[in-house]
Structures are given as structure tokens and as C-alpha cells.
Student: 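Sharing a structure below in C-alpha cells format, with a few things to ask.
Computed from heavy atoms alone, side chains included, the values below leave out hydrogens, waters and symmetry copies. In the text below, chain A, chain B and the rest are named by the order of the sequence lines, each starting its count at 1.
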Amino acid sequence: MHTFRLMASCLVLTCWVAQGIADEVPLHKRIDQLVASESPDVQAASDADYLRRASLDLIGRIPTYDEAKDYLADDSADKRVRLIDRLLASPEHPRHMAEAFHVLLMERRGDNEHWQQYLRVSFAENTPWDKMAREMLAPNASDEERHGAAFFMTKRLEKVGQNPTDHPGLTRDISRLFLGMDLQCAQCHDHLFIDDYRQRDFQGLFTVYSSVQLKRGAKTPAVDVKPPAERLSFTSVFEATPHETGPRVPGRPEIPFEPTESAPKERPDPDPLLSALASDLTAREHRQFSRNIVNRMWHRLVGRGLVWPLDLHHSGNPATHPELLELLTDEFIAHDFNLRWLIREIALSHAYEQAREKRLSAEQTARSVIVALGTTESKALDERFAAMIEVFRKSLANEAQEPEDGFNSSVKGALFLLNDAEFLALFEKDNSPLVQRLVQQDDAAAVVDELYLSVFTRRPSDEERAELVTLLEDPNWDRAEVLKQVAWAMVTSVEFQSNH
Amino acid sequence: MRHPLCPSHEHRLSRRQLLTGMSAAGAGIGLLNFLQPAAAESLRERDKQVILIWTDGGLSQLESWDPKPNTRFGGPYRAIPTSVPGVHLSEMMPHTARQMHNLAILRSVCTQDNSHSAGVARILRGDPKNRGVDYPYLGSAVAKLMGPCSSGLPPYVWIKPYSGGFKSEHAGFLGPKYGALAFGDGQPPENTQPPDALNPQAAALRDELRRKFNERYAQRGRGANLDADSHVFDVAETLMNNMDLFDESKLDPKDQERYGRHDLGRHMLLGRRMLEAGVRFVNVTSYHWDSHGDHFNACASLVPQLDRPLAALLEDLAERSMLDDVLVIVMCEFGRTPRINSHCGRDHWPEAWSIAMGGCGIERGAVVGATNAEGTFVEETPHDIGHLFHTWFRALGIPPQHMEYVHNGQPLPVAHDECHAIDELLS
Amino acid sequence: MSTTEEMAPRVVTKPGTEIEHPGQLWLLRFNTTGKRLWASGYDGKLHRWRETESDWEAEPPLAGHNGWVQSFAIAGDRLVSADSWGRLVCWQDGDEPSVLWQHAEAHPGWIRAAAISPDAKIIATAGDEPTVRLWSLADGKPLGSLGPHADRVFSLAFHPDEKSLAVGDLLGTIRHWDFVQQTLVREFSVGDLAKLDRIQQCGGARVLAFDASGERLACGGQKTPGGGFATGLPCVMVLDWQSGEVIHELQHGTKDDGFIYDVAFHPDGFVMATSSAFPGKGHLWFWQPGEEKPFHIGKKLTNGHALALRPGRPQLAFLVDVARNGNGRQLINGEYPGGTAKIHLLELGTE
């Protein structure tokens, strides 16, 4: 009791201090103080690049022709801040976040309508990340709006063929995705090369997550828990000494736990054991939980993890900018795990202006292709996206269970871009308002300008313009054919296919 | 008909020629290659290649490479002499027996895993010491260590029953680029046919424009992903130019007869053609060899499906003077128990089994290692899969200085550090 | 039906004597007098036991075969045995058996079935060579061949009419041959007992047996057989010989109970069958064709590979294969254990 009060008061103090500093200097400015320009070669983004990057990162698509034109014409000094705020306020932002977190958390394992509803609602409300994590790790089946959160676990509890339920896999994913610690190799013994990863870390989580099962007969994602009857004993494959552990989050004390001989048939919802572990895992004082997500958001926006690989946080693999990681962690906790706030601050930093090239997800690619080819009105865009997304996913997304945290040029993707009939049909005049419009435009230079701004979100150089004008005016070519092929070449080029 | 060998330079050049005005730099490179076909050809001749035949589930060593007739666990079948005096194979392999002079057998294989799920990956990864990373499968390893052949075809293809696609999980820490391109039931992947509506001029135009946009992008100091992108587009294009490989109507009916019209026969014939076309590493997989019950009838049904096409392949490679450059490996995740269970079956046995190989760098007709009289355990020195990885990498002429990966800045040995090449298997 | 039938010995009432044998065995048969029990082994030998006053005494095995001796048949004092390397041997039964004649290469490979005609003049043999060969029992002279069949032959049964031979193959076809004229009479299908499962041709008409009258033919095997674990339901089909139709069929057990290794008609008309799979799987069962289930199941009598009624006594010899399954090393006292066999001499009685 005594300790608790002390801890609680410390906490209040920390919050107050953090809040106090944040009020004085916004986080993005403090980021800039910690990250000196990486090298003189790296230029801050041009307006066009910044617009494209921010649109892709915050609303999941490139800007429309009109959005680009307006932004480039805007001379005001605070246009970047206003852009970020406009994008974050757009209904496209929570939709993009839902898509991105679906890929991050489910890693292309599959989908579920209740899960999608949960993600949509959560990001629309900007639900704090700690709350989301608790909802996923201790799902409440009676909360109709948010019970889809259970899909994070239920999908992983599905049996594959004759294999037993992959409880070790579930445990691994929880530590990987929520704590940035891949404890896979610590399942059977202390990690051979990472001193921080101990077998008891894995087993402390496993004692709880191995007791989770799919709820029988449930029509929506839901889990049941058969609490363990005793503390979990385990031995290393290398030595015979037995150890035991109760429920425990890595780096935290064990959670008081009374082994139950016979569990009550109906356990409360959410399950008390899952809740206890989830609360400890997401606790403010458990900084690794916050460190993981700020590092992942930094990676998502800036193009590299402060800690890399994303799921190998340990003392032997320190952050490139340790102070920055701690600052982001402090501030994220102080701001109540507010993801939208964190994104805004990172997006306003110089580091973001110098972000590295990033991969486009299948969803970003599909939506951007449709926008580039002139379908910009939101309803039409959504419809076309819904009709096409599976085709894009099949060829451009990673295989199930493979994190999409790096570039993945694939022959499959190349063949798709080269030959897929449905993809190529998007460039037909009837399907592309852009091609349709430009066919009727006589002024070749104007055609080239509109093409560049629509597809590349920038104006062409004089050389680029001249080159395409020559081609467009070549009497041996059919103008519509040339336009189609130019648009295809732009869309399939690396400039379009990456977030630079 | 386009010759399956190396048409890509020619093809690319002809596309470029249509676009003389726009493609000076690109055409230059293409032209250079085109003007030196002899040099390209001699490069190709030195290409070492691999074909791995994988009998998934576990081929019985006793009914193939290491028969123990008239012993307690020997089963009903006989041993027969082979083209190498003194070497006997199971009577289930009469055709392969006549090609024994082109093969070598390691009869002292002793591996660590008796489960399929873990065993397959362990064997195909060479079961290196645990470094906390997933090691690549043999095909991905060779793709990484040796790269594609000069044909430009994907370095690692996997011919298998059922579905195909791009199997990045084989690549382990090397990354998806080194994964397998799987031809499900010998069929090409999706989207290898250019759309009908695309005429050659338009196709050449769009490809040239795309190249141009990428060049410009690179000139602006961008394009961290440019090389990888160009690579996959080149591979895709090479693949598209080799679609003849998949056209079974072009096959010699005599070959079809010799290899057999069952899946493994068809797939091994395709495998031979992939080697001829210049694929670095071909994995031909057959499933359902896991004969826990009614094993001897299973063998009578299954082993001939390996015997005939394997003999035909060895014969063809030798006849085409390719055998010196093609390493042929026949293996699976483990052997089968000497004991015959009460269901007339044999279970999983990693303790003492055999792996056969031949061709490139391998001593012809060698039989190395032995099991005891009843075939239960290895006599003298057992050899793990790590020894074979070392042996094969040596046979392929991978220089010792390349025998190391670098992952996240850390050097990682390409095979188990405590194993070594088996000299007796090397020529 | 009559009360005599109800009183007939038709169930196992006592486990009876057990004979243990250090190796695995394929087939079990009594000689004509019922005083000697013969079995063939995975070790290429013929094993035999003679009844003494208190027990069964093992006699020295007969060597000369190779591989597996999967099949043998007895008529009077003659015993013919066949092995998986193609050798066919005719023995003079007795305390010191002697070889009367033999063919080292009666077939080019595995002989899976050998049968003697009811008049004890002709031997039929068949196996991996898809041709049935006929021999004179007296001197071993080849008398001709029947076939070729479409695939491996698993089973042979002579009909009491002294001119018909039923031949069962891997593909689930039973052929009716006139072995006197050496002509094919007709073909029946027990196709459900065979299946091309993925890349493996599985199952087949594994065993055949006529009833005493020759009106019915029983065929044992496995329904919808599969590769790998060779799972499928143990199944006996009973065909009406006149029509060639399957008139009764019984699947007994689960798909883990293997396939029927042996089947026979009891003189009282019911079917005795045994299946085997992994240890503890597959039972001995008695079934009255026409009924929905076996009327007697020897639940503890698992892994039977052969059964033989003793002439003149209500006894059934039941051969059990004792061989563990499982992956990996599993040594016992440092030794790698092989399979063994156990023979139960079961007493049959009334319920």
C-alpha cells in the first residue's frame, strides 16, 4: 500500500513535469534539437515532396491534382502545419490508420468485419494506445462496439491443419508487436545472443496466453480462459534445473495470482487474469510498452527505426538516438498514449522533412493509382478501391505473417504491374478521367504539366517536359496510346511506387 | 520458336531499336552484350547449377540407397547390382542402378530431427548452429552465394505439386528477394502473358519510358530501392521470354515416356529444361512419401516414380555434357525406421539414412560411410546435414572467402561451423 | 434357425495357449491333422510348432527362402511356400521336412499369394508380376499362366467347383478364371477397396476366401484406403459368386484400425476377419453376413495378421504382430527393438 502511494505520487509528478515542459516547447522542436541534420547531402523536402509524403503517411494516398495545385500555390509560412492539421482532421486519416494498423497487427493473416469495425471506431475516436492494447489483450465480448478487438488473439488461436493451437506464436506476437521484443528464441532457453531475453520472460507471458482459447460457438471474435491450475514450471533445453513462474510481463514483477483448482464456468468479461496482465503490460511505468509504439511510429513516418529491427529492443541493440527515444516515450506517456498527437509532432519535425524513402503498402498503392488516374471524388474513389484492392493485395502485399517494414520488390509485383489485365484496364480512357481529359487537351506542354502534377505530385523539369512534348507531338503515335503508356510508365516507376 | 537459351538480350535490343531516340544509354548496354555473344556463352558454360529432388515425408533408405536384404529389418525386397561394381541398390531402383556411375551415396547420414514440420526446415537450412536468425533454405543460399546464371532467369525455382507463387519464407534472413519462385504443378506464375491489346511498339515504348523515369529519379539522388526494382523487372521480363519452358506440347514424347507422365516425372523433365535454360537452382518436390503404414506397397507405388525420371535426368545431363556443372541432390527430411511396425510401416528415422548426389564436383560412383549390418545405426563417423552443405558449397566451387553471410553487420557462417566437407565425396 | 446353430462354438471363450516368437510372422496355418502349426516369417523362414501333451513345441525352422515368406498353402502332406524374391518351394511335411521340388525364379519378384486347388493337383501363385502361374503340385511342372492382370496381384482363392480361381488385385478387381481352360470368365469390382490416393495406388483386394459351398466369396481390405498412415476403414465385402454382386459389406472399426489382413469363413457360415494397424489397433471379429455389425469382437485381440481354424477342434489360431511404431531412436536396454509375434490358440465355444 505504502509503495503504491509513493509510486502514484511520483507518477503525478512526472506527468506534471512532462506536461509543463511540453507546454513551453512543443515536442517537434525538441526533436529537432536532438536530431541534428543527418548529413548535409540530405535535403529537406520540397513543398511537393512534403505534400506527397504527408498525404501518403496520414491519409494513405497521394494528393489529388487539385490538392497539389492549391498547396503549391499557397505562399503562407505555416502551410505545412495547416496541411498536417487538415490531414489529421480528415475522415481519411482514421481510415488510413485502421488499414495501417490492420497490417501491422495482423500481418496479413486474414480479416474480420468486427475487427474492422473496432479499428475504424478506435481510430475515429483516437482511442489511446494503451486502451486499445488492453482491449486486444483482454477483450470484452459484451462490448458490441469494441468486441472485434478479440480478433487479434482469435485469429492466432485458429488451428492450422493438424498442428496444435499455436500458443507460443501468440505469445511471441504479443511480445513482438506490443513490446518490440521477439522472445521466440527464449521459449526453450535463455536467448543465446541477447542477454536481456530470458526464458522466464517468455514463460511469464506464456503462462497466461497458453490458457486462452477460442470461445466455443461464438459468432463474433471472443476468447475463453482456462486459468492455469498452478505456476508454470519450465526447464531450459540446456540445463536440467527446473524453474517456475506465475504471470509476468518481461522486466516486471510477477502478478499476484491464485492458482485455481476448478475454474468457475462463466468467467467475467473481460477475463480478470487477462486484464491483470494487460494492465501491467500497458502501465505507464512499463516504459517498454510505449517505447515500442513510438519507435514503430517513428519508423512509419521517418523511414527508419530508432531501434532496428523493430522487434529487437534490448540493451545490446541500443537506439540510434537514445535520448530521443526516451523523450518520445516520456511525452507519449505524458500525453496519455495519444497516437494522433504523436504523429502530428513527428510530422512537424525536421527529421520528418528528411525522411527516408519508404515502401507503399498495397492499400496506399491502390488508392494512389486510382487518384493519380483522375478518380478523386471520395465516393467514386472508395468504390473503385473496394473493387480493386484484393487484386493489388494479392500481388503487392507480403505473405501472411511477414512484417511489412521494408521494401519488398518482387517478381510477382513486377509481373502484376506489367501484365495484370485488371490493373492495366485502369489506364484505359474509359476508366481514367485523367487520360480522358488529356486526350482532348491540345496543348502538349499543358498535358505534360497536368500528368506530372497528377501522378508525381510535382511539376516537370524543362527537360522532362520537352521530352514528353516531343513524344506527344510525334505524328507516328496515337495520342491516346501514348498518354496511356506514359501514365503506366509513371505509375509503375520507382518514383511513384515509393514514399519519398 | 524462340530458343529458350538466353533470348533476353536479343529481345530487349529489338525493343530498344524501335526507340532509338529515347534510349541511348540503355541501348548501349544492351548492344554491348549483344555484340559479345561468345563471351556471354563462355560465362554461361561455367555456370554451376543445382537440381535438388526432394521426396517430402521421407524416402526409405532401405528401399533405395542402402538395402539390407535378408536381414531382420530388410523387408521383402532384394538388392541389385549397379553400373559400379560392388555397389548395390534396392531392386526398387533398377533404372537408377544403371546410372550409379554418375552418382555418389552418403550412407552415414545422421541428423537431429524426427518431425516433419521442424525436420524439413532443419535439413533445408543445413541445421546450422542457432544464431537467433532463420537461415535460408539451400536454394536461397545458393541464390545468394552464386546469384542468377547469365541467363537472367530467377536463381531459385521450385517445381512442386499444388499451388505456386513466390515463397519468400525460404529466404530466411536473406530477405524475400532470395525466396523461391514456385511453379505450382509446373505452371508459370500469374501474369506472365502480356495483354493481347499491347502491341510490341507500345510495349517497347512503355518499358523504355519506365526505364527513363527511373533513371531520372536516380539522377535526383533517390531510389534506394531502384536496383531491387530493376532486378525484379528484368527477371519478370526474362521469365516472360521463356514461356516456352512451360509448353508441354513442345515436349518430345520419348522424353515424356522416359521421365514418366506422373507428377514427379513431369516436374523433373521441366527441371531439366529449367537447367538447360539457365536457372541456377531447381528444387523439384514430390509430396506424400511418409509411409507409416503399408510401407512396402507404398514403396512399390512411389519409388518407381523417383527411379525412372532420376535415371533419365542423369542420363540426359551426362549426354549433354552438363553433368560436370550440375550438382544433382536427392534427399528428404529423414530416412525411415529399420523396424517394421505393426501396420507394416516404417516411421521417421534421422539416425542412419542416406543422401544421394552426383555431378558437379562429386566423385562419380562413390559410396561413402556405412550403416551396420541391420541398418539401424551408422558405423564409424556419422555425418550431419551440415557436412553436406559444406561438401556441396565446395563442389560448386564457392570460394572460401564467400563462405560467410553478413546479416545486420554480423558475419554468419554459411553452414554449421563444426562440420566440414566430406572429402571422399568430392572429385 | 435351428437350435444346433445357436449351440455351435462361435465365440472366443478362453484365451488359450500363447506361443511367443522372437520375430515377425506373416501367415499361420495348421497342417491337415491339426497337430502341427506352421507360420511364415519376415526372416525368410518357415516356422513350425508341434503339439505336445501340455504345450506347443517349436521345431527347427525351415530355411531356403529369402526376403519375406508371405504365403504358403498345405494339402495333405504337401506344403508349398513362396517368398518375396520369387522362389517357390514344395515341401514334404513330416518330422524332417524335405524339399520335393523348387523353382528359384517361379516369378521375377515378390510372390504374395500361393494356393492349392481343392483336388490337390494344382498350385496357383501370383504377386508383383501381374500374371498368375499354375504348377503341378506333384512335380512342380509349369502348367500355364493366367493374365496378365492390370496390376499387382494380392490374393487367390480356388472355388470348390475345381475349375474356378478368383484373383484379386491392387486396383480392386477380382477376376474369375477357368484355370482348366486357362480363360478369363468374368471380372467383378470391389473398387471401393482401392484408390489412387494422391500419388500412391492404395488398398486393393488384399485377401479372398470362399465359403464351403462356394456360394459366397469374401474379400478383405480397407474402404477408401489412403497413403501415408494407410488409414481407411477395415472392410470385408461378401460377393454372391453366381451374380458377382457385392451382397453384404461390413466396415468395422475406425479409420485407424488398418486393413483386413486375413479373412475366412467358419464352417457354420460366418466370417472371421482380423485387421491390424498401429499397436492396439485393429481387432479380431466374427460377423454373420447380412447383419449390421459383428456378433463377436475380440477387443483385446488387436494387431492380428492371420487366423487359422484348427481342423477337428473348436480352436482358432490367431497371429498377432507385436511391433511398436514411433519415430526416432527409442532404445530398450541399449538395444534397438525389433518386432515379434505372438500366437494365441483361442478356444471357441458357445455364448
Student: Can you tell me which portion of C:Ile111 sits under 4.5 Å from chain B's heavy atoms? Options are side chain, backbone, both or neither.
Tutor: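 Neither; nothing under 4.5 Å.
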Student: Is a side-chain donor or acceptor of B:Ser301 paired with a backbone partner of C:Gln200 at a separation under 3.5 angstrom?
Tutor: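 Checked: no pair found.
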Student: Does the side chain to side chain contact (heavy atoms under 4.5 Å, CB included) test come out yes or no for C:Leu331 and B:Phe377, once each step is laid out?
Tutor: CA-CA 12 Å; C:Leu331 299 186; B:Phe377 295 102; 3.7 Å; yes
Student: Are the side chains of C:Ile199 and B:Ser286 in touch, meaning some heavy atoms are under 4.5 Å apart?
Tutor: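 A side-chain contact under 4.5 Å exists here.
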Student: So, C:Tyr336 versus B:Phe73, ring centres under 6.0 angstrom or not?
Tutor: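 Under 6.0 Å, so yes.
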Student: Could you tell me which of B:Gly74, B:Ser115, B:Gly75 has the largest number of non-hydrogen atom pairs under 4.5 Å with chain C?
Tutor: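 Of B:Gly74, B:Ser115, B:Gly75, B:Gly75 has the most heavy-atom pairs under 4.5 Å with chain C.
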Student: Rounded to the nearest 0.5 Å, how far apart are OH of B:Tyr162 and CZ of C:Arg198?
Tutor: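 That separation rounds to 5.5 Å.
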Student: Centre-to-centre under 6.0 Å for B:Tyr77 and C:Trp85, is that the case here?
Tutor: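 Judged by ring-centre distance (under 6.0 Å), B:Tyr77 and C:Trp85 do not meet the cut-off.
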Student: Would you mind checking which part of C:Gln24 comes under 4.5 Å of any heavy atom in chain B, side chain (CB onward), backbone (N, CA, C, O), both or neither?
Tutor: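 The answer is the side chain of C:Gln24.
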Student: Which bit of C:Asn325 comes within less than 4.5 Å of chain B, counting heavy atoms only: side chain, backbone, both or neither?
Tutor: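 For C:Asn325, heavy atoms of backbone and side chain both lie under 4.5 Å from chain B.
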Student: Hey, does B:His292 have a side-chain heavy atom less than 4.5 Å from the side chain of C:Phe278?
Tutor: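 They are in side-chain contact.
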Student: At a heavy-atom separation under 4.5 Å, does C:Pro337 approach chain B through its side chain, its backbone, both, or neither?
Tutor: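 For C:Pro337, heavy atoms of backbone and side chain both lie under 4.5 Å from chain B.
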Student: Quick check on the structure: residues of residues 335-346 of chain B within a heavy-atom distance below 4.5 Å of chain C, by number.
Tutor: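 Result: B:Thr337, B:Pro338, B:Arg339, B:Ile340, B:Asn341, B:Ser342, B:His343, B:Cys344.
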Student: Which bit of B:Ala300 is near chain C, if near means a heavy-atom gap under 4.5 Å: side chain, backbone, both or neither?
Tutor: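 Both parts, backbone and side chain.
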Student: Is there a side-chain contact between C:Trp68 and B:Asn70 in this structure, where contact means two heavy atoms from C-beta onward sitting under 4.5 Å apart?
Tutor: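 In short, these two side chains do not touch, never coming nearer than 4.5 Å.
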Student: Atom CG of B:Asn297 and atom CZ of C:Arg152: how far apart are they, to the nearest 0.5 Å?
Tutor: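 One finds 5.5 Å between CG of B:Asn297 and CZ of C:Arg152.
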Student: Give, as side chain, backbone, both or neither, the part of C:Asp151 having an atom under 4.5 angstrom from any heavy atom of chain B.
Tutor: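 For C:Asp151, no heavy atom lies under 4.5 Å from chain B.
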Student: Starting at CZ of C:Arg324, measure out to CG of B:Asp347 and round the result to the nearest 0.5 Å.
Tutor: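 Here the interatomic distance stands at 11.0 Å.
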Student: Do B:Asp294 and C:Phe229 have side chains that get closer than 4.5 Å, going by heavy atoms?
Tutor: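 B:Asp294 does not reach C:Phe229 side chain to side chain.
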